[in-house]
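See below for the structure under consideration.
The structure displayed is predicted, hence computed values, not measured ones. Below, read A as the first sequence line, B as the second, and so on, with proteins coming before strands; counting in each chain starts at 1.
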2 protein chains.
Amino acid sequence: MHLSSVLYALSDPVRLSIVSELNKLGERTCGGIDVSVVKSTKSHHVRTMREAGVVHVRVQGTQRLLSLRKHDLEERFPGLLHAILQAYEGTEGQKVSE
Amino acid sequence: MHLSSVLYALSDPVRLSIVSELNKLGERTCGGIDVSVVKSTKSHHVRTMREAGVVHVRVQGTQRLLSLRKHDLEERFPGLLHAILQAYEGTEGQKVSE
DNA sequence: AGATAAGTTCGATTGTTATCGAACATTAGA
DNA sequence: TCTAATGTTCGATAACAATCGAACTTATCT
């Protein structure tokens, strides 16, 4: 789990919006997350975040349940996720619409 | 000054190391910063950070003095820079050596 | 004026990424 | 066993980024 990979994973507006949604609503299926890209693209973003260690994916039937790895992130990079979410929700919390 | 641009600017190991050096040693000339890339590449990284709002560049004669925009960053994204520097210095503070 | 020093800009290369649609895999339900 | 739902993977494309060396600019020094 590298700092630069985590920052990179969080530096994309689509991914930031996914992370924010996971933070606010908790575990969610891939399809339950509303972003303005087709599913293959969404899948790509999820993979990026999973590989960076930002989200955890749990398989259940045909769906994948995503969750934010808050605890792991906090342990490794204290305060980082909180600061980013705070910044996102405070200043750019508008939807990534189209 | 956008969150994703700032995160992107800080997601590169070379740039992270520059930021960390500026944080520890204060204002520095471009040439005074020790990273393992040629000066044109360094110039590129500095531009990226300047455009993202992470550093300020002050011209003095033939040199450019770089400084971290701590105050502005703190105002806009409270706690963010601190968390990142903490994470960097704590866990990946080794030099970007070649 | 000429030389040196400090950066920037340019051109090229190489690699990476975001995006889409189409095809595929897997599981659940009728 | 079909069919539908949920994702993943693949191929293609277009844009972007990191890197280098060479040429350029600007300012200082002799």
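- The distance from atom CG of B/Leu66 to atom CD1 of B/Ile18, rounded to the nearest 0.5 Å, is 7.5 Å.
- When the P atom of D/dG7 is taken as reference, atom CD1 of A/Ile18 falls 12 Å away, rounded to whole Å.
- In this structure, A/Tyr8 shares a hydrophobic cluster with B/Tyr8, the cluster being traced through Ile, Leu, Val, Met, Phe, Trp and Tyr side chains under 4.5 angstrom apart.
- Remark: B/Arg50 pairs with no residue by the salt bridge (charged side-chain N to carboxylate O under 4.0 Å, His left out) rule, at least two apart or across chains.
- Qualifying salt bridge (charged side-chain N to carboxylate O under 4.0 Å, His left out) partners for A/Arg28, counting only residues two or more places apart in sequence or in other chains: none.
- For the salt bridge (charged side-chain N to carboxylate O under 4.0 Å, His left out) test, no residue two or more places apart in sequence or in another chain qualifies with B/Glu74.
- Of all nucleotides in DNA chain C, those with any atom nearer than 4.0 Å to a heavy atom of chain A start and finish, going 5' to 3', at C/dT17 to C/dA28.
- Among residues at least two apart or in separate chains, side-chain hydrogen bond (donor to acceptor under 3.5 Å, both in side chains) pairs with a member in residues 60-71 of chain B are B/Asn23-B/Lys70, B/Arg69-B/Asp72.
- Among residues two or more places apart in sequence or in another chain, the salt bridge (charged side-chain N to carboxylate O under 4.0 Å, His left out) test is passed with B/Arg58 by B/Glu27.
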- Item | Contact pattern, 5' to 3', of nucleotides 22-30 of chain D - B, S or - by protein heavy atom under 4.0 Å | B----BS--

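- Applying the side-chain hydrogen bond (donor to acceptor under 3.5 Å, both in side chains) rule to B/Ser20 yields the partners B/Glu89; only residues at least two apart in sequence or on another chain are considered.
- The side-chain contact (heavy atoms from CB on, under 4.5 Å) test applied to A/Val19 returns A/Leu10, A/Met49, A/Val54, A/Leu68, A/Leu81, A/Leu85, not counting sequence neighbours.
- Within residues 42-52 of chain A, the residues approaching DNA chain C are A/His44, A/His45, by heavy-atom distance under 4.0 Å.
- In this structure, the side-chain hydrogen bond (donor to acceptor under 3.5 Å, both in side chains) partners of A/His45, at least two apart in sequence or on a different chain, are A/Arg15.
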